[in-house]
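For reference, the structure discussed in these notes is given below.
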Amino acid sequence: MAIQTVATHPIPGQRPGTSGLRKKVEVFRQPHYLENFVQSVFDTLGDCAGKTLVVGGDGRYHNRAAIQTILRMAAAHGYAQVLVGQGGILSTPAVSCVIRKRQASGGIILSASHNPGGPDGDFGIKYNIAAGGPAPEGVTEAIYRRSESIAQYRLSDAPEVDIDRLGVTQVEQTRVEVIDSVADYAELMRGLFDFDAIRKLFAGGFTMRFDGMHAVSGPYAKTIIEGMLGAPEGTVINCVPLEDFGGLHPDPNPVNAAQLIELMGGADAPDFGAASDGDGDRNMIVGRDFDVTPSDSLAILAANATLAPGYRQGLKGIARSMPTSRAADRVAEALGIPCHETPTGWKFFGTLLDAGMATLCGEESYGTGSDHIREKDGVWAVLFWLNLLAATGKPVERIVGEHWERFGRNYYSRHDYEAIDTAAANLLMADLRVKLPALAGQVLNGHTVDFADDFSYTDPVDGSTVTGQGIRIVMTDGSRIVYRLSGTGTEGATLRVYIELYEPDPSQHHRPTQQALASLIAAADSVANIAMQTGRASPSVIT
Ligand code: G16
């Protein structure tokens with residue numbers, strides 16, 4: 001074994017987005033591409049000697065090859081220990097859990113989350129810090145700047161490590177341990193939820209379908225839901241992670257998880273349905289012929305948190321991303337706790353969780369989580385719902401209906417215009433910014449604008465400020481229209497339009513969502529000239 005130094009040159013465009021660096025697989029397979037980025041991470045971190053690094057991914061195409069490269073590079077940088085998930089598999093929440101439990105200095109996650117996999121799909125990489133969460137902006141920007149001036153990288157020429165076999169291999173001075181992908185995470189879940197009550201629920205004939213979408217959560221759900229909680233075999237479907245996710249799009253929303261939605265709408269629907277995404281940090285909750293919006297899910301978990309043993313002592317606060325509906329704000333108000341509004345990106349919750357200012361966090365993009373780790377957590381959210389169903393004995397639809405009766409309903413929808421021309425998307429946002437000052441006081445399809453701005457955020461813990469985080473038009477009746485460009489796409493630009501309407505009247509709580517939001521949807525289109533500026537008559541995806 002010997003450590004080699006390889007000459008390289010900067011490759012443009014290695015700036016991490018909302019959640020790490022995501023590109024097409026073919027981009028990542030270019031010579032030096034992955035190595036440059038990993039070297040930039042190690043250079044930014046400084047001395048790695050004596051430290052522990054966690055490495056794992058969602059099992060998508062290129063995961064195994066990338067892990068071997070990272071192991072050789074970590075060994076060349078003097079890490080004392082690297083912990084790798086068996087088969088290269090670790091869900092994003094499991095990486096966060098292992099970093100925290102084993103006091104690692106950080107971790108590298110290989111995933112492009114919900115983006116499609118396979119040789120023609122996407123790949124991604126991100127660095128998580130010692131607290132277990134995604135590196136904050138300051139760190140990701142430093143990594144990017146380093147990638148712009150990189151001239152060499154170092155790696156060992158050691159042979160490949162057998163990552164399918166549990167155990168220890170020595171690579172240079174580094175102890176590489178292949179660990180069980182599920183064990184630490186499953187143990188953490190057992191401590192948070194009432195497993196006895198959930199076991200009784202299943203023993204009593206309660207039925208469920210969890211769709212792993214051939215992505216990373218399958219093994220976690222199988223071990224915990226079928227194994228530890230005794231749900232019958234077949235409860236967890238599509239549970240083997242595949243390099244191309246079996247051709248499915250592992251984005252758990254009613255559009256991409258159509259198979260589950262159809263099942264839940266049929267005569268033989270199980271009592272409860274759930275799905276998770278590529279890397280296991282997102283979740284979708286479905287009742288019989290009824291899907292729960294992520295914003296409502298956050299609010300409902302918050303309102304009922306004390307039913308779960310891990311949250312019995314109550315919540316310190318709630319945090320949600322700006323475009324997420326304000327349903328959680330109403331719960332926070334009733335509980336007398338703060339509700340923080342952050343930019344999109346789980347990384348913005350980290351400081352609030354570390355400082356004990358928030359216990360639960362959530363995003364409209366099917367992400368929910370808590371201070372148990374520093375990532376959003378798909379299986380955790382499903383177990384929380386199971387705990388809630390077991391404790392109340394009520395079906396999903398009733399729990400949600402009763403929540404609306406108590407707090408009012410925040411009708412909510414997101415319209416995505418995917419893969420549009422980047423210049424056109426930037427122009428649309430720039431034009432909107434120009435219009436902002438004149439919007440206050442205007443009446444848009446019956447909704448009076450209270451204020452309109454481009455969201456900026458100052459972190460109350462570390463004082464860091466970010467600007468340009470999305471345009472919001474807030475109405476006096478509590479409705480909102482929000483526009484922002486996605487930071488996770490890999491093709492052109494994706495415009496996201498988020499529409500929210502607050503309805504306090506219970507007699508109006510059961511209208512079709514798009515119908516209830518129609519006046520705001522039309523206003524959103526005309527204010528931004530979406531059809532004209534993007535050339536698209538309608539959104540590509542409505543959730
Ligand atoms: C990531 C971030 C989330 C964000 C989501 C969508 O999730 O961690 O905080 O809400 O992307 O971001 P965008 O609207 O910019 O596409 P994931 O599950 O993709 O890692």
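Each ligand, and each atom within it, is numbered from 1 in the order the structure gives. In this text the structure is predicted, and so the values were computed from the model without any measurement.
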What atoms of ligand 1 come within less than 4.0 Å of a heavy atom belonging to [X]?
{"X": "Asp281", "result": "18 (O), 20 (O)"}
{"X": "Gly487", "result": "13 (P), 15 (O), 16 (O)"}
{"X": "Gly345", "result": "9 (O)"}
{"X": "Ser19", "result": "1 (C), 2 (C), 8 (O), 20 (O)"}
{"X": "Thr344", "result": "4 (C), 10 (O), 12 (O)"}

For this session: For ligand 1, note which part of Asn115 has a heavy atom under 4.0 Å away: side chain, backbone, both or neither.
Result: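 Near ligand 1, Asn115 shows nothing, with every heavy atom at 4.0 Å or more.
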For this session: May I ask you to decide if the ring planes of Phe193 and Tyr311 are parallel, tilted or perpendicular, using 30° and 60° as cut-offs?
Result: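 Phe193 vs Tyr311 ring planes: tilted.
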For this session: Could you check whether the rings of Tyr412 and Tyr498 sit parallel, tilted or perpendicular, using 30° and 60° as the cut-offs?
Result: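 Tilted.
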For this session: Considering heavy atoms of the protein only, find what lies nearest to atom 11 (O) of ligand 1 and give residue, atom and distance to 0.1 Å.
Result: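 For this ligand atom, the closest protein heavy atom is Thr488 CG2, 3.3 Å.
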Could you tell me whether [X] and [Y] have a side-chain N and a carboxylate O separated by less than 4.0 Å?
{"X": "Glu418", "Y": "Arg536", "value": "no"}
{"X": "Arg374", "Y": "Asp354", "value": "yes"}
{"X": "Arg22", "Y": "Asp122", "value": "no"}
{"X": "Arg414", "Y": "Asp416", "value": "yes"}

Exercise. Heavy-atom contact under 4.0 Å between Arg22 and ligand 1?
Worked result: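 Contact present.
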Problem set entry | Rounded distance (nearest 0.5 Å) linking atom CZ of Arg326 with atom CG of Asn410 |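 Separation between the atoms: 8.0 Å.
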Heavy atoms only: which of [options] lies closest to [atom]?
{"atom": "atom 1 (C) of ligand 1", "options": "Lys376, Glu363, Lys347", "result": "Lys376"}
{"atom": "atom 6 (C) of ligand 1", "options": "Arg282, His114, Glu364", "result": "Arg282"}
{"atom": "atom 17 (P) of ligand 1", "options": "Ser113, Gly378, Ser111", "result": "Ser113"}

Considering distance alone, does some N or O of [X] sit under 3.5 Å from an N or O of ligand 1?
{"X": "Asp279", "value": "no"}
{"X": "Arg484", "value": "yes"}
{"X": "Arg496", "value": "yes"}
{"X": "Leu485", "value": "no"}
{"X": "Ser365", "value": "yes"}

Exercise. Can Thr342 and His340 be counted as having a side-chain donor-acceptor contact under 3.5 angstrom?
Worked result: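 The criterion, which ignores hydrogens and geometry beyond distance, is not satisfied for His340 and Thr342.
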Exercise. Are a donor atom and an acceptor atom from the side chains of Gln514 and Ser413 found within less than 3.5 Å of each other?
Worked result: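 Their side chains do contain a donor-acceptor pair, which is all the 3.5 Å distance test asks for.
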Exercise. Is there side-chain contact between Ser365 and Arg282, with at least one heavy-atom pair below 4.5 Å?
Worked result: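 In contact.
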